[in-house]
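To start, the structure itself, in structure tokens.
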Amino acid sequence: MNIAANNGDWSGSWVAERLGVELVGDDGLTALLGLALRRNPRRAHLLVSNVLGKHVPQSPSVVYGHGFALGRRVRDLLGERAAARAVVVGYAETATGLGHSVADGIGLAPYLHSTRRPVPGVTPAGGFEESHSHATSHLLLPEDPALLAADGPLVLVDDEFSTGNTVLNTIRDLHARYPRKRYVVVALVDMRSREDAGRLTSFAEEIGARVDLVAAASGMVKLPEGVLEKGQELVARYEESAATGDQPSAAPSGPVAQFPAPLYGGALEADYQSTHPGARGRTESAAAAGWGRPAPTQPHQTDNRTTPHPTRIDLRWPQGLPDGGRHGFTPAHRIRLETALPAIAARVAEALPVDARRVLTLGFEELMYAPLRIARELEALVAAEVRYSTTTRSPVLAVDDPGYAIRSRLVFPAHDNPADGPGERYAYNVAGAGFDAVVLFVDSAGDTPELHAPDGLLERLGAHAPHVLLAVVPSYVPALTEESPAMLPEPLRGPAFSSYPAEDVGWLLQDLSDVTLEAPTEEREEAIQSGGAHYAESLPVEYQPSDQYQALFHAALETSAVRLAEAVGVVTETVLAELPHSRLRSNGGTPIPRPVLVSLARAGTPVGVLMRRWARFRYGLDLPHYAVSIVRGRGIDANALRWLAAHHDPRDVVFVDGWTGKGAITRELADAVEEFEERSGVSGFDPEIAVLADPGSCVRTYGTREDFLIPSACLNSTVSGLISRTVLRADLVGPDDFHGAKFYRELAGADVSVAFLDAVAARFAEVVEAVDAAVKELAVADRTPTWEGWAAVERISEEYGIHDVNLVKPGVGETTRVLLRRVPWKILARAGAGADLDHVRLLAEQRGVPVEEVGELPYTCVGLIHPKYTRGATGADGRAVNV
């Protein structure tokens, strides 16, 4: 569409009328963009975003929401696994807050923004030029040099794509240093010409990488011949008018779009000039040049004209938390900030005047994100209308006309001792906007005498708002001392951690027993399905079985112990026979296999202990056994693999799990091991999983492919050494930490973990012949995985209108987990299934979940998680309702 140049409601019509500029593009483009004139020899016009929070004061929720939504789109584009490996880079100064908001939307992506502020002692990891900008040089100064070296997707975020040159320069520089296979470029608006878009495509082909583009809107600017010269002449005429006091014609042509409060005439500016020596020529007003009409104000200085002292707000900023992404901002930093934000915003709210109706939170150049997040919290705390914008280096002409995007400007000297020397800085659309209070956020590097000087920013703000408050965020400076990589701790063992004997298993985990991680099942399900949280960031409340359910467990154990013992023997013998690597006895002689069992906590851990017991029972082998964490969508604990590689030959490691459902963890492990080996250079781990039961036909090494009741699936921690499911949350698990878990010592009275192991191991002797026969048959059988379980899950997902395989949990074990930990919708049971489903039927009855018998089902049963779950999808009694 062509946007009418004479549309007075659009804040670009003034420029369009005078320069013949046309905006062509999406219908929503004018809601996002206005136009102004630059004082820039490279480009006449400036696209002014209404939702960026830089030049136009805007609701902080709107500003943050646009960036966060773009991040969600990037996450959907990449997929959960690739998104978890992504790094986000934003551009200074305009897009530092936008890029950070995009990183939040992606989820666990670390964030870095370019900077024009060099830091002594910090070596640049890259740099590039922004050819059309007034300040062209960008530096990348990550605290962690490895931040950009990973090979995951690199997400580049700017407020707009005009030519694409900045993106090309960035990728060219970084790809030469840190080549990767995928880039995503993100912007609020894509305004490139077809030729410029083609250049990016050609460049991607040239470097052999995929480059995707995500933008909220797209279009292009049509520029007539000579527009640069014409724009420069127009700017010069207005500049000259400002110097001589003449006012070019700029009659208002409609209502003021940016400011709900009315603009005022320029009479008070003359009073301000007369009472503020040196102010003339620094603040450009309607009386001087026809742009920027200040709001009425009370004089803030005393009779001797001293500079007013603003109200200082002690934010109590968390120690060591970066003020933004200049040196990198990790997921752990994000959690710390999220935790501290409510209290920080409350301190700002307490400092505001009680009668304030309109409040501006004003950031400082590259310091955009922290003020934005605080402003967003503040918006929910106070009755006043809260707006957010920041100061800038960018020189833009101001014209007091509703059809022009920059209605007013404040000019003041730089106050952070910039490396490129002193110069003017600007705050746009503040004067004349009717703000009752302005909260200025600066970092400590910007809290200088220049800020407080008679012609400084604080005084400029004091002329246009009755109340000015100052909040200083400590400038984060990276630690410059080199530290050796963190030493990983020794495995946790019982009885200090778990009820298993110390020799049965070493847990490559960290103890989070003192941290409250449990959340009600309904709240967890809603957060997981809405994308607001990952299942590994919290724990379900531990299910405490009724007497009737405990009786079912013990009955199931009694009837299935022999079948379990046989499956344990078969899988263990298969591992011992087929392990490709072996070690000699210490005295020479026949080589014997010496596998290192590594169970996937926690369902795999009882099986790992039983396999260890079989090897000792049958051959006198004392096999090492460790439990490690693997998280769907996040991969295996890389630090655990690093510990294993340092203490054992990776070729000896055999991964162990309880059972397969649709095979998601099987695929997860294969991808995670490949990624670990690429990153670490350590090789030799075989991602093949040995399982007790493989009803989904997902692995080659198994004890059985029958879908039968494994009693350890009936309970949670009380049959797994009193250990919780594993936890991976950024504020609790650092880059050099093992994943976490809790030890529920308080449940010792209900613990049956060792009793379960003893009951199965007691049947080893009577199944030896059956095990040997089964192993011989398997040795010559075709055990190639058919993945028939995955196909069945996909079919069920579509037939039942779920359209998400993650909500379909096949097999007795997974169905039991659905009933214990998630919000179940219904249970599909194979017709004729007997006692194996007694406990499932009981749990389903207790939770009010229907059990539907199905004729053809490759599993004994399938659990369906409630699709599109919200707490409104269940009744007050927690019973699921049909969708």
Exactly one candidate in V472, D416, L457 meets side-chain contact (heavy atoms from CB on, under 4.5 Å) with L451; the answer is L457
- Item | Lys NZ or Arg CZ of R460 over F412 ring: under 6.0 Å, within 45° | no
Between W10 and L23, the two heavy atoms sitting closest are CZ2-CD2, 3.5 Å
Sorted by chain and residue number, the ring pair (Phe, Tyr, Trp, His ring centres under 6.0 Å) partners of Y476 (sequence neighbours excluded) come out as none
Measuring only between side-chain heavy atoms, which start at C-beta, is S101 closer than 4.5 Å to L372?
yes
Rounded to the nearest 0.5 angstrom, the OG-CZ distance for S475 and R117 is 5.5 Å
Exercise. Does a side-chain heavy-atom distance below 4.5 Å link L440 with T361?
Worked result: no
In this structure, CE of M368 is separated from OG of S389 (nearest 0.5 Å) by 9.0 Å
Residues passing the side-chain hydrogen bond (donor to acceptor under 3.5 Å, both in side chains) test with D159, sequence neighbours excluded, are none
| Got a donor-acceptor contact below 3.5 angstrom from the T339 side chain to the I335 backbone? | yes
| Between the main-chain N or O of R407 and the side-chain N or O of N429, is there a donor-acceptor pair closer than 3.5 Å? | yes
*Kindly say whether A433 contributes a backbone atom to a donor-acceptor pair with the side chain of R358 at under 3.5 angstrom?*
yes
request  = Check the side chains of T94 and K54 for a donor-acceptor pair under 3.5 angstrom, ignoring hydrogens and angles.
outcome  = no
*Cut-off 3.5 Å, side chains only: do Y91 and T170 have a donor facing an acceptor?*
yes
Residue pairs passing the salt bridge (Lys or Arg N to Asp or Glu O under 4.0 Å) test with at least one member in residues 366-379, sequence neighbours excluded, are D104-R373, R326-E366, E338-R373
When rounded to the nearest 0.5 Å, the distance separating OG1 of T163 from CZ of R192 is 9.5 Å
Look only at the side chain of D173 and the backbone of N169, and say whether a donor-acceptor pair between them is shorter than 3.5 Å.
no
**Request:** Report yes or no: does D144 contribute a side-chain atom to a donor-acceptor pair with the main-chain N or O of A146 at less than 3.5 Å?
**Result:** yes
By ring pair (Phe, Tyr, Trp, His ring centres under 6.0 Å), H66 pairs with (sequence neighbours left out) none
Is a side-chain N or O of D731 found less than 3.5 angstrom from the main chain of V733, in a donor-acceptor match?
no
Residues passing the salt bridge (charged side-chain N to carboxylate O under 4.0 Å, His left out) test with R336, sequence neighbours excluded, are none
The reported gap from OG1 in T166 to CG in L156 (rounded to nearest 0.5 angstrom) is 10.5 Å
Flag, side chain of S114 to backbone of L139, donor-acceptor distance under 3.5 Å
no
Residues passing the salt bridge (charged side-chain N to carboxylate O under 4.0 Å, His left out) test with R312, sequence neighbours excluded, are D447
What one should report as the nearest heavy-atom pair of R347 and I313 is O-CG2, 4.0 Å
A83 meets the side chain to side chain contact (heavy atoms under 4.5 Å, CB included) criterion, sequence neighbours left out, with R75, L78, I106
Self-check item: Full working for side chain to side chain contact (heavy atoms under 4.5 Å, CB included) between L70 and V157
Solution: CA-CA 10 Å; L70 286 170; V157 183; over 6 Å; no
Is the closest side-chain heavy-atom distance between V184 and V214 below 4.5 Å? yes
Q: For the pair T391 (side chain) and A427 (backbone), establish whether a donor and an acceptor sit closer than 3.5 Å, ignoring hydrogens and angles.
A: no
Report task. Would you check if V48 and L33 make a side-chain contact, meaning some heavy-atom pair closer than 4.5 Å? Result -> no
Sequence neighbours excluded, the answer for salt bridge (charged side-chain N to carboxylate O under 4.0 Å, His left out) partners of D212 is R182, R210
CG of L37 to CH2 of W14, rounded to nearest 0.5 Å, is 5.5 Å
Heavy atoms of L188 and L32 approach each other most closely as O-CD1, 4.3 Å
Rounded to the nearest 0.5 angstrom, the CZ-CZ distance for R393 and R425 is 4.0 Å
Practice task
Would you mind reporting whether L141 and T115 have side-chain heavy atoms less than 4.5 Å apart?
Solution key: yes
Verdict with supporting geometry, Y404 and L397, side chain to side chain contact (heavy atoms under 4.5 Å, CB included): CA-CA 10 Å; Y404 191 82; L397 185 72; 3.6 Å; yes
Residue set satisfying salt bridge (charged side-chain N to carboxylate O under 4.0 Å, His left out) with R73, at least two apart, ordered chain then number -> none
Sorted by chain and residue number, the side chain to side chain contact (heavy atoms under 4.5 Å, CB included) partners of P331 (sequence neighbours excluded) come out as L108, P110, A730
Does V89 reach the side chain of L140, with side-chain heavy atoms less than 4.5 Å apart? yes
Checking F364 against D443 for the side chain to side chain contact (heavy atoms under 4.5 Å, CB included) test, could you report, in this order, the C-alpha distance in whole Å, the side-chain angles of both residues, the deciding distance, and whether it holds?
CA-CA 8 Å; F364 159 51; D443 60 19; 3.5 Å; yes
Q) Strictly under 6.0 Å, is that where the ring centroids of H55 and Y426 end up? A) no
(message) As a quick check of understanding, evaluate side chain to side chain contact (heavy atoms under 4.5 Å, CB included) for L469 and L352, giving each step before the final call.
(response) CA-CA 8 Å; L469 303 90; L352 289 172; 4.1 Å; yes
Nearest heavy-atom contact between P57 and L360 is CB-CD1, 4.1 Å
Under 3.5 Å, is there a donor-acceptor pair between the side chain of D436 and the main chain of R357?
yes
In short, G99 meets Y111 closest at the heavy-atom pair C-CE1, 3.3 Å
Across all chains, not counting sequence neighbours, the ring pair (Phe, Tyr, Trp, His ring centres under 6.0 Å) partners of F329 are H100, H333
Problem - Between E365 and T390: side-chain donor-acceptor atoms closer than 3.5 Å - result: no
Scanning both residues in full, the closest heavy-atom pair of Y369 with L337 reads CE2-CD2, 3.5 Å
### Close side-chain approach of L29 and M191, heavy atoms under 4.5 Å
yes
Are H467 and T311 side-chain neighbours, meaning at least one heavy-atom pair lies under 4.5 Å? no
Donor-acceptor contact below 3.5 Å, side chain T448 vs main chain H415:
yes
With sequence neighbours left out, the residues meeting side-chain hydrogen bond (donor to acceptor under 3.5 Å, both in side chains) with D323 are none
